[in-house]
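Please read these numbers as outputs of a predicted model, since none were measured by experiment. Values below: all heavy atoms of this structure, side chains included; hydrogens, waters and symmetry mates excluded. Reminder, nothing fancy here: chain letters follow the sequence lines and each chain counts from 1.
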There are 2 protein chains.
Amino acid sequence: MYKPLFDHIEKFIVLEPSEIDKLESTLTLSKIKKKEHVLEEGQICSTIYFIIKGCIRQYIINSKGAEQTLQFGIENWWITDYLSYHNHIPSSFYLQAVENTEVIAIEKTVLEALLIEIPSLERYFRIVSQKTFGAMQMRIKFLFTMSAEERYHHFNDHFPEFVQRVPQYMIASYLDFSAEFMSKIRAGKV
Amino acid sequence: MYKPLFDHIEKFIVLEPSEIDKLESTLTLSKIKKKEHVLEEGQICSTIYFIIKGCIRQYIINSKGAEQTLQFGIENWWITDYLSYHNHIPSSFYLQAVENTEVIAIEKTVLEALLIEIPSLERYFRIVSQKTFGAMQMRIKFLFTMSAEERYHHFNDHFPEFVQRVPQYMIASYLDFSAEFMSKIRAGKV
DNA sequence: CGAATTTCTTGAAGTAGTTCAAGTTTTTAC
DNA sequence: GTAAAAACTTGAACTACTTCAAGAAATTCG
């Protein structure tokens with residue numbers, strides 16, 4: 001049931017059997033229905049989510065009242081608002097299930113205790129976080145150097161199944177252009 | 001001499017005296033001259049830099065041959081290409097000193113050994129990396145929701161000394177608009 | 001199933017930015 | 001201190017995208 005998380009952890013570190021037991025006894029699985037929020041703007045985010053199945057997006061509502069997706073999380077990704085989580089300040093973001101989703105939700109206090117009991121988890125989270133940061137650096141690069149059309153094709157080439165999986169207007173805003181323009185790109189009218 | 005780093009580490013974790021000694025004996029200070037590179041596109045990045053004094057920027061050369069600054073690092077920041085570092089793949093970026101800069105440069109092999117000898121450093125790097133990731137999430141938000149003029153004023157309000165410190169064209173590209181447009185914003189001609 | 005809702009498409013008009021080219025000012029380096 | 005290089009400014013022409021409005025298609029759900 002928590003196998004995807006253990007598999008992911010074991011890509012980076014080795015856990016003792018006793019640590020596996022400890023971890024297993026602490027975790028709980030939650031189900032989030034499509035469109036349900038696990039975080040809303042203004043709330044303090046004190047939970048970190050590991051996605052077992054489904055998809056969660058981080059989005060904001062911009063000054064024109066439109067939703068803008070900033071990030072997607074899918075299977076085997078951690079997602080949270082790290083700034084709100086670490087600094088204990090109100091979040092600027094929404095976290096919402098794009099599909100019916102199953103997550104392991106870990107409260108900050110629970111995770112802090114786990115990290116003290118299983119110090120090698122610090123290493124796991126350090127590596128995962130640095131790798132995710134590296135991916136974000138590339139994302140900034142793509143946003144800065146590619147045209148809207150290039151960004152669409154690049155994303156579509158790398159994640160074709162994902163493009164089928166979520167509404168196009170979410171992908172459009174994630175790639176920083178309008179849903180209408182995406183429609184025109186897809187139709188070859190640009 | 002390494003005090004800024006120890007001060008920074010001690011904001012997040014407690015080190016034993018023996019660990020301080022160990023760390024101190026491992027570190028070396030390097031000086032990087034203005035405009036000198038510590039990483040060039042295509043190289044594999046196997047070093048992580050802590051900036052004691054000065055400024056380093058991460059930039060790319062876009063398809064039109066123009067430099068585009070993606071990130072700045074100043075005093076008390078760690079900077080590297082995390083994707084190249086972790087995945088051992090050629091970097092997409094340049095890392096260049098914007099001013100004469102002093103850094104603690106730690107080789108990956110040295111850092112790996114240190115992390116084994118001083119496990120609590122895992123915790124330090126985990127926290128720093130997650131916080132930096134949180135800051136990057138906000139950066140994406142600003143890029144997505146503010147106009148060029150808003151981004152300029154926001155940045156100028158938050159980092160007025162920094163805006164004085166580095167060439168304007170680097171800030172313009174960091175904020176994702178042209179140097180000419182920045183000139184017009186500053187002159188109030190927009 | 002059928003109604004309601006959500007998502008996608010299309011064209012026309014508008015605009016926030018870029019690009020180019022040339023001149024001016026500031027900084028660097030011998 | 002002065003020549004060269006780097007950084008900044010300005011205006012005019014252009015363009016990659018947005019916005020709006022309306023209709024069509026697909027999906028959801030009682």
Side-chain angles (χ1 to χ4, degrees), chain A residues 33-37 54-55 57 59-69 72 96-101 142-156 162-190, chain B residues 32-37 54-55 57 59 61-69 72 96-101 142-156 162-190:
Chain A
K33 286 231 179 77
K34 184 172 175 172
K35 292 194 183 165
E36 200 177 305
H37 288 91
C55 178
R57 67 172 177 141
Y59 73 92
I60 47 144
I61 300 199
N62 67 22
S63 53
K64 283 158 206 141
E67 292 177 4
Q68 200 131 5
T69 299
F72 290 107
Q96 183 196 44
V98 177
E99 312 167 344
N100 291 332
T101 297
F142 295 140
L143 284 170
F144 275 34
T145 57
M146 293 180 177
S147 70
E149 195 177 358
E150 287 168 337
R151 294 199 297 279
Y152 171 73
H153 286 123
H154 183 264
F155 191 77
N156 200 38
F162 188 72
V163 173
Q164 299 309 312
R165 192 170 154 184
V166 308
Q168 284 175 34
Y169 70 86
M170 289 186 192
I171 297 192
S173 75
Y174 175 79
L175 295 175
D176 204 20
F177 45 73
S178 68
E180 292 92 334
F181 196 65
M182 176 147 167
S183 217
K184 283 161 197 171
I185 292 170
R186 287 163 49 92
K189 296 191 177 161
V190 43
Chain B
I32 311 163
K33 286 231 179 76
K34 184 172 176 174
K35 291 193 184 165
E36 200 176 305
H37 289 91
C55 177
R57 68 172 178 141
Y59 74 92
I61 299 199
N62 67 24
S63 53
K64 284 157 206 141
E67 292 177 4
Q68 198 130 7
T69 299
F72 290 107
Q96 182 197 43
V98 176
E99 312 166 346
N100 290 331
T101 297
F142 294 140
L143 284 171
F144 273 34
T145 57
M146 293 180 177
S147 69
E149 194 176 359
E150 287 167 338
R151 294 199 298 279
Y152 171 73
H153 287 122
H154 184 264
F155 191 76
N156 200 39
F162 187 72
V163 173
Q164 299 309 314
R165 192 170 154 184
V166 307
Q168 283 176 35
Y169 69 87
M170 288 187 193
I171 297 193
S173 74
Y174 176 78
L175 295 175
D176 204 20
F177 45 73
S178 67
E180 292 92 335
F181 196 66
M182 177 148 165
S183 217
K184 284 161 196 171
I185 292 171
R186 287 162 50 92
K189 295 189 177 161
V190 43

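Applying a 4.0 Å cut-off to non-hydrogen atoms, the residues of residues 165-177 of chain A that approach DNA chain C are Pro167(A), Gln168(A), Tyr169(A), listed by residue number.
Here the P atom of nucleotide dT6(C) and the CD atom of Glu67(A) are 11 Å apart, to the nearest Å. Here dG14(C) presents its P atom at 19 Å from CZ of Phe181(A), a figure rounded to the nearest Å. Separating the CD atom of Glu180(A) from the P atom of dA12(C) is a distance of 15 Å, rounded to the nearest angstrom. Atom CE in Met182(B) sits about 17 Å away from atom P in dT19(C), given to the nearest Å.
Phosphate proximity of dT18(C) to Ser178(B): present, with a side-chain N or O under 4.0 Å from OP1 or OP2.
Thr69(B) contributes no side-chain N or O that, together with a main-chain N or O of Ser173(B), makes up a donor-acceptor pair within less than 3.5 Å.
In this view, His153(B) satisfies the ring pair (Phe, Tyr, Trp, His ring centres under 6.0 Å) rule with no residue, not counting sequence neighbours.
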Practice problem: Go through the steps to decide whether Met170(A) and Phe72(A) satisfy the test side chain to side chain contact (heavy atoms under 4.5 Å, CB included), and finish with yes or no. | Solution: CA-CA 9 Å; Met170(A) 289 186 192; Phe72(A) 290 107; 3.9 Å; yes
Quiz prompt | Derivation of the side chain to side chain contact (heavy atoms under 4.5 Å, CB included) call for Gln68(B) and Asp176(B) | solution = CA-CA 8 Å; Gln68(B) 198 130 7; Asp176(B) 204 20; 3.5 Å; yes
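For Lys34(B) and Met146(A), each mapped to the nucleotide of DNA chain D holding its nearest heavy atom, the one lying further toward the 5' end belongs to Lys34(B).
Heavy atoms of Lys184(B) sit under 4.0 angstrom from at least one base atom.
Nearest approach of Phe142(A) to Arg151(A), heavy atoms of both residues: O-CD, 3.8 Å. The shortest heavy-atom contact between Ala97(B) and Thr101(B) is CB-OG1, 3.9 Å.
For DNA chain D, the span of nucleotides reached by chain A at under 4.0 Å from its heavy atoms goes, 5' to 3', from dC17(D) to dT28(D).
Exactly one residue among Arg165(A), Lys35(A), Arg57(A), Lys34(A) makes a salt bridge (Lys or Arg N to Asp or Glu O under 4.0 Å) with Glu99(A). That residue is Arg165(A).
Between Phe155(A) and Phe162(A), the two ring planes are perpendicular [angle over 60°; tilted spans 30° to 60°].
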